[in-house]
2 protein chains.
Amino acid sequence: MNLSKTSKYAFRILGHMAKDEHALYSAQQLHKDIYVPERYLRRLLTDLSKHGFIKSIQGRHGGFTFACDTSTITLLQIVEAIDGQGSINECILGYDICVFNHSCPMHDVWEETKLKIIETLSKTSLKDIHYKILEDL
Amino acid sequence: MNLSKTSKYAFRILGHMAKDEHALYSAQQLHKDIYVPERYLRRLLTDLSKHGFIKSIQGRHGGFTFACDTSTITLLQIVEAIDGQGSINECILGYDICVFNHSCPMHDVWEETKLKIIETLSKTSLKDIHYKILEDL
DNA sequence: ATTAAATACTACCTTGTTGTAGTATTTTAC
DNA sequence: GTAAAATACTACAACAAGGTAGTATTTAAT
Ligand code: SF4
Ligand code: SF4
């Protein structure tokens, strides 16, 4: 269970873009809207393009827009793209490979909660979380 | 929401010690049982002593033993001691201070799950998770 | 007293994550 | 064509987390 800061940045970016699904967003404007360090934001945008969530349009009036419907992108997909496959599903005791047979008291305690996390992340699409940025910030 | 590797190590240590609540555990034996790097384990044990979970007994036949009843130590207390107060309760969008009024679609989506995590960690005491280490490892 | 076996302390090394800089490339308005 | 405004790429800097080393201190069996 980890959720890197970069994943959180991705939530900000895509969540903000989902506000108007078909609009074109420039890195500059995004930076002003969601306060992710500009250069890092650009790198992240490129990354998200490579993962197929968005596509970039270069040139004079370029920017970024969604490459697919926002209802098909889930939060879990985003986390797994950034933090790696199965990053949420790791051993709660920090073992790389389970020393028990995926059954110890700690595992039992955590299992239900872990499933809840995965369920929440996988059932929430970007369409559900497009949020408005306050103007006065 | 983060759970550092060090917190997971702490789970291993205290969970293992909870197996026999009143026993005395040496760092060396713990290292063999739970595979936490020995020097790091020792530092962590000192740390956990300072936080009052366990107490150290120095000398020839020294070691570590619980400083209080295992039923009074919750997983949340351990996490907060290691990762810092409120580490679980952080903004899911990565903002240090909330830019909305603690209400945005993302917040709403995450709130219930976050509460579930906190509930699980705070309702589980060490008494509940003392587990047996497999002998053949 | 000596010595072995344990913890305590402090500084440093290593690794991974986060963030920055510089330069190249693409596209379009003019 | 030229210049402006955008993204693309690559390398590296800064910081935090994880892990190691060396030495000091404590205790008790002998
Ligand atoms: S059974 Fe225990 S050791 Fe194995 S993956 Fe689950 S929590 Fe980790
Ligand atoms: S309301 Fe949104 S920005 Fe504010 S703390 Fe919650 S998730 Fe973060």
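In what follows, chains are A, B, ... by sequence order, proteins preceding strands, each numbered from 1.
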Quick check for you: to the nearest 0.5 Å, what is the distance between [X] atom [atom1] and [Y] atom [atom2]?
X	Y	atom1	atom2	value
B/L44	B/L30	CG	CG	11.0 Å
A/Y25	A/D20	OH	CG	4.5 Å
B/F11	A/M106	CZ	CE	4.5 Å
B/I117	A/T113	CD1	OG1	7.0 Å

Give a yes or no on whether B/K127 atom NZ has more than 12 heavy-atom contacts from other residues, nucleotides or ligands under 6.0 Å away. yes
Give the rounded distance in Å between these two atoms: [atom1] of [X] and [atom2] of [N].
X	N	atom1	atom2	value
A/Q58	C/dA29	CD	P	15 Å
A/I82	C/dT18	CD1	P	10 Å
B/K5	C/dT17	NZ	P	11 Å
B/H61	C/dT3	NE2	P	18 Å
A/Y40	C/dG16	OH	C1'	11 Å
A/Y9	C/dT17	OH	P	15 Å
A/R42	C/dT20	CZ	P	13 Å
B/R39	C/dT10	CZ	C1'	12 Å

Residues of residues 45-52 of chain A with any non-hydrogen atom less than 4.0 angstrom from an atom of DNA chain D: list those, numerically ordered, please. A/T46, A/K50
Provide the start and end nucleotides, 5' to 3', of the part of DNA chain D that has atoms under 4.0 Å from heavy atoms of chain B. D/dG18 to D/dA29
Quick check with a 6.0 Å cut-off and a 45 degree axis cone: is B/R12 positioned over the face of A/Y95's six-membered ring? yes
Contact nearer the 5' end of DNA chain D, comparing A/G59 with A/R43: A/G59
Salt-bridge contact B/K114-B/E111 (side-chain N to carboxylate O under 4.0 Å): yes
Between B/E38 and B/R42, does at least one N-O distance fall below 4.0 Å, as a salt bridge requires? yes
On DNA chain C, more 5' by nearest nucleotide between A/T6 and B/S26 is B/S26
Membership question, hydrophobic clusters at under 4.5 Å side-chain separation (ILVMFWY): are A/F53 and A/I57 in the same one? no
